[in-house]
Amino acid sequence: MSLSSSSSSAYPTASAPLSTDSKIKELYALIDGIHTCMFTTRRPDGYLVSRPMEVQKHFQGVDLWFVTSIESHKLDELAGDNHCNLSFYKASGDWVSVSGIARIIQGDQARIQQLYSADWRALFPDLGDGVHNGLPTDPRIALIEVEVFNSFFFCEGPK
């Protein structure tokens, strides 16, 4: 993964190349506090589609996680072209643009359990059948893992 600044700001930059772990930590620092990003995919007809998605908690070994429904059109789009872009924006004017490869994960109960948040129940309402209930075992839950390939940002730095 590469991180590039589009700013000559006071934000510190390394004089030597950063390790992948260091780059991921820097990315997390840049997007810390931004809970929602615009997640962009490509439709089968070639047009781009962006929608707001909440970034899930950080997990060792994976760049970024998202949760979605197995019925979402974005899964069809990612199955056709798994390249994606994530756009983060802060009210201060700082922004981060991330390009990566998405991987759809369905039925991985251990991973879902690790990432699960009670907030997901708003996305997966209880249908009253004892199965579709918004809990980690709900079969509608799919995860999207994004492996970051590069990131560009503008950051004014501390004020």
Leu75 vs Thr68, test: side-chain contact (heavy atoms from CB on, under 4.5 Å). Steps then yes/no.
CA-CA 9 Å; Leu75 297 184; Thr68 192; 3.8 Å; yes

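Residues in residues 133-143 take part in these side-chain hydrogen bond (donor to acceptor under 3.5 Å, both in side chains) pairs, two or more places apart or across chains: Asp138-Arg140. Note on residues 115-134: pairs passing ring pair (Phe, Tyr, Trp, His ring centres under 6.0 Å), not counting sequence neighbours, are Tyr116-Trp120. Pairs engaging residues 29-40 under the side-chain hydrogen bond (donor to acceptor under 3.5 Å, both in side chains) rule: Thr40-Ser50 [sequence neighbours left out].
The side-chain contact (heavy atoms from CB on, under 4.5 Å) search around Ser99 returns Asn85, Asn150, not counting sequence neighbours. Residues satisfying the ring pair (Phe, Tyr, Trp, His ring centres under 6.0 Å) criterion with Phe88, sequence neighbours excluded, are absent altogether. A search for side-chain contact (heavy atoms from CB on, under 4.5 Å) contacts involving Gln106 returns Ile70, Ile104, Ala142, not counting sequence neighbours. A search for side chain to side chain donor-acceptor pair (under 3.5 Å) contacts involving Asp119 returns nothing, not counting sequence neighbours. Scored by the side-chain contact (heavy atoms from CB on, under 4.5 Å) test, Val49 finds Thr41, Arg43, Arg51, Glu77 as partners (sequence neighbours excluded). Ile105 meets the side-chain contact (heavy atoms from CB on, under 4.5 Å) test with Trp65, Arg103, Asp108, Leu143, Glu145; sequence neighbours excluded.
When all heavy atoms of Tyr89 and Trp95 are compared, the pair lying nearest together is CD1-CB, 4.1 Å. When every heavy atom of Lys57 is checked against every heavy atom of Leu115, the shortest pair comes out as CE-CA, 3.5 Å. The shortest non-hydrogen separation linking Cys155 to Phe153 is CB-CD1, 3.9 Å.
Taking hydrophobic clusters as Ile, Leu, Val, Met, Phe, Trp and Tyr residues chained together by side-chain heavy-atom distances below 4.5 Å, Ile34 shares a cluster with Tyr28.
The CG atom of Asn82 lies 12.0 Å from the CZ atom of Arg42; values are rounded to the nearest 0.5 Å. With values rounded to the nearest 0.5 angstrom, Cys84 atom SG is found 8.0 Å from Ile144 atom CD1. Between the CZ atom of Arg111 and the CD atom of Gln109 there is a distance of 12.5 Å, given to the nearest 0.5 Å. Separating the CG atom in Leu78 from the NE2 atom in His83 is a distance of 11.0 Å, to the nearest 0.5 Å. Taken from CG in Leu123 to OG in Ser72, the straight-line distance is 10.5 Å, to the nearest 0.5 Å.
Lys90 and Ser92 are not linked by any side-chain donor-acceptor pair at a separation below 3.5 angstrom, with hydrogens and angles left out of the test.
Of the possible polar contacts, one joining the Asp63 side chain to the Val148 backbone as a donor-acceptor pair under 3.5 Å is found.
The aromatic rings of Phe66 and Phe39 sit perpendicular, their planes meeting at an angle over 60°, well past the 30° parallel limit.
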